Amino acid sequence: MTPSGRIPDTHAEAWAMLPFVANGRIAPEDREWVEQHLVSCAECRHELDAQRPLAQTMSASAAPFATSEQRAFAKLWTRIEAAENAMPENDAAEIPARVAGKAPRRTVRWLAAAVVVQAVGLALLGVTALKNTDRGGTFRTVTNAETYRGPGVRLVFAPDTTMTLVTDLLARHHLELIAGPGDRGVFTAAPRGASNADAMVSAAAALRQDQHVLFAEPLRD
Amino acid sequence: MSLKGIDTAPVPLAVPLTDQQERELLARIAERREQGAFRELYGIYYQRLARLLGRMSMRHEDVEEVINDTFWVVWTKAADFRGASQLSTWIIGIAYRRAFNTLRRERLRPVGSEPVPEDIAVPSGAQGEERSQWVQLGLQRLPLEQRMALELAYTLGHSCEEIAAILGCPLNTVKTRLFRARETLKQVLPALAGGSGDYA
């Protein structure tokens with residue numbers, strides 16, 4: 001009998017449950033009636049005989065993934081560290097039950113990074129301001145970028161990243177710096193033309209693949 | 001287990017930790033932000049997810065990205081896990097949705113978009129690795145949703161209820177997808193239709 005207590009349309013329902021007989025994960029309340037059906041149904045027994053080796057083959061043939069798990073984890077942990085270091089204080093308070101001193105902090109490294117990226121940022125800010133003046137467009141500065149609510153990406157660059165690399169990298173993704181660096185080395189980049197939040201998710205994912213990008217996350221609404 | 005001569009013994013699948021043990025790791029992540037617990041949980045799921053995602057026709061770098069995005073969510077949302085399902089269901093569900101979004105965003109060709117060939121002739125003497133390669137070829141002909149249901153059942157050993165939770169669909173949808181997957185495989189891999197262990 002099924003869990004609801006009704007008598008199942010035995011053959012069709014037993015047939016549908018055979019994969020879970022084959023993998024041993026059939027619910028206890030189903031096992032009894034399915035097995036009873038198997039005793040009298042040669043067609044279902046034949047199907048089970050075919051499914052069990054298929055399950056065995058699929059389980060055994062799933063080859064281990066070639067990429068280094070250790071390297072992948074290191075990459076993720078760097079991203080977590082960067083995010084938590086870049087997180088504004090009010091956001092950091094949202095992390096539940098956070099224990100002081102347990103979360104990763106690499107203050108010295110970030111101070112060094114902040115000095116470099118600040119220099120890059122000042123130079124780019126000057127270039128951006130000049131460009132905006134030339135074309136008479138909307139003038140975005142560090143000050144009014146804080147109130148920017150459009151699509152964009154928050155970024156932290158590796159300490160050895162040069163201005164040229166930053167410019168090229170952002171240009172490849174049709175982005176430009178509109179703010180930064182903050183006191184934790186965080187820049188904000190916005191799309192050069194019309195864009196949307198989905199495009200920024202893709203851009204952030206692509207930027208994270210670059211060795212010069214330590215952190216890239218789309219701006220939250 | 002044998003019932004009146006019928007072999008119903010399950011295919012053995014490795015289960016590294018119990019759900020309770022995995023929940024204890026998650027609690028250490030949520031409450032104490034322990035990197036060690038996070039690393040251990042990551043290690044438990046890395047190969048498991050990589051195998052599953054690798055079969056969604058994702059590039060290696062995308063697989064790694066989806067796994068890390070998944071564990072980014074685990075790290076940031078650990079305290080939000082309410083325990084309504086198994087932890088593995090929660091984690092694999094996150095990975096599945098992320099992978100699906102990645103595939104859609106990158107407009108990759110869905111696995112099942114190719115026409116199903118008449119059949120794939122499995123050499124009668126094929127054994128072991130060769131057999132599994134033929135099976136892989138057959139699996140590639142399945143639409144993504146059907147293939148994932150089959151992978152979750154046979155490669156990762158999930159129950160019908162767990163697969164429904166991971167895929168975010170009703171139980172009957174899982175059964176239907178598995179039914180169609182089995183039927184398609186029989187068409188493309190005729191040896192399956194012969195049954196009696198001739199398939200693998």
Side-chain angles (χ1 to χ4, degrees), chain A residues 13 15-27 30-31 34-36 38-39 45-67 69-73 75-77 79-80 83-84 95-99 102-104 198 201-202 205 208-209, chain B residues 3-4 6-13 30-35 39 42-43 46-47 50-51 54 60-61 63-65 67-68 71-72 75-76 79 102 105 129 131-133 135-136 139 150-151 153-155 157-162 175 178-179 182 185-186 192-197 199-200:
Chain A
E13 294 193 31
W15 185 271
M17 297 304 293
L18 292 179
F20 304 104
V21 177
N23 78 356
R25 296 302 311 281
I26 190 169
D30 288 323
R31 177 178 288 278
V34 172
E35 289 186 341
Q36 281 176 0
L38 280 166
V39 172
R45 285 200 304 273
H46 187 74
E47 172 71 359
L48 182 60
D49 282 346
Q51 291 303 310
R52 292 193 72 254
L54 174 61
Q56 182 79 61
T57 301
M58 288 178 65
S59 172
S61 67
F65 196 56
T67 303
E69 175 192 322
Q70 201 164 355
R71 188 183 64 82
F73 182 79
K75 206 170 172 181
L76 172 61
W77 193 250
R79 183 178 160 195
I80 288 172
E84 295 203 350
I95 297 177
R98 180 170 178 158
V99 179
K102 291 260 183 183
D198 284 346
V201 170
S202 299
R208 281 198 292 275
Q209 302 294 325
Chain B
L3 182 79
K4 297 180 184 176
I6 302 167
D7 181 10
T8 57
V11 174
L13 291 157
E31 293 162 13
R32 299 199 290 273
R33 313 303 286 165
E34 281 189 30
Q35 185 191 9
R39 178 70 185 89
Y42 185 91
Y46 183 82
Q47 284 296 343
R51 286 156 57 172
H60 272 201
E61 56 267 33
V63 169
E64 189 179 293
E65 178 78 12
I67 293 172
N68 281 1
F71 271 82
W72 170 273
W75 176 260
T76 55
T102 299
R105 197 168 59 229
E129 185 59 30
R131 276 273 164 183
S132 75
Q133 286 173 6
V135 171
Q136 293 309 313
L139 291 171
L150 203 61
E151 297 279 8
Y154 287 167
T155 305
H158 285 285
S159 69
C160 190
E161 291 76 10
E162 289 165 355
K175 292 175 187 173
L178 287 171
F179 174 83
R182 288 152 61 193
L185 281 180
K186 283 178 197 170
L192 176 63
S196 305
Y199 182 56

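Keep in mind that what you see is a predicted model, and the values were worked out from it rather than measured. Throughout, a chain's letter reflects where its sequence line sits, starting with A, and its residues are numbered from 1. Side-chain atoms are counted along with the backbone in the values below, which use heavy atoms only and exclude waters and symmetry mates.
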Original post:
Which heavy atom of Met58(A) sits nearest a heavy atom of Leu150(B), and at what distance?
Top reply: CE-O, 3.8 Å
Original post:
Where is the tightest heavy-atom contact between Tyr154(B) and Pro19(A), given as atom of each residue plus distance?
Top reply: OH-CA, 3.3 Å
**OP:** Calculate, to the nearest 0.5 Å, the distance between atoms CH2 and NZ belonging to Trp15(A) and Lys175(B) respectively.
**Re:** 15.5 Å
Original post:
Quick one: are Gln35(B) and Ile80(A) in side-chain contact, heavy atoms under 4.5 Å?
Top reply: no
Original post:
Does the pair Lys75(A) and Glu65(B) meet the rule for a salt bridge (Lys or Arg N to Asp or Glu O under 4.0 Å), with working shown?
Top reply: CA-CA 10 Å; Lys75(A) 206 170 172 181; Glu65(B) 178 78 12; 5.6 Å; no
**OP:** Compare all side-chain heavy atoms of Trp77(A) with those of Trp75(B) and state whether any distance is below 4.5 angstrom.
**Re:** yes
Original post:
Under 4.5 Å between any side-chain heavy atoms of Leu54(A) and Arg182(B), yes or no?
Top reply: no
Original post:
Going from CH2 on Trp72(B) to CG on Leu76(A), what distance comes out if it is rounded to the nearest 0.5 angstrom?
Top reply: 8.0 Å
Subject >> Portion of Phe73(A) that has a non-hydrogen atom of chain B nearer than 4.5 angstrom >> reply: both
**OP:** Considering only NZ, NE, NH1 and NH2 on the basic side and carboxylate oxygens on the acidic side, decide whether Arg208(A) and Glu61(B) come within less than 4.0 Å.
**Re:** no
**OP:** Check the pair Glu64(B), Gln209(A) against side chain to side chain contact (heavy atoms under 4.5 Å, CB included), reporting the backbone distance first and the verdict last.
**Re:** CA-CA 11 Å; Glu64(B) 189 179 293; Gln209(A) 302 294 325; over 6 Å; no
**OP:** Kindly compute the distance separating CD (Glu161(B)) from CZ (Arg25(A)), expressed to the nearest 0.5 Å.
**Re:** 8.5 Å
**OP:** Identify the heavy atoms of Phe20(A) and Cys160(B) that sit nearest to each other, and give their distance.
**Re:** CE2-N, 3.2 Å
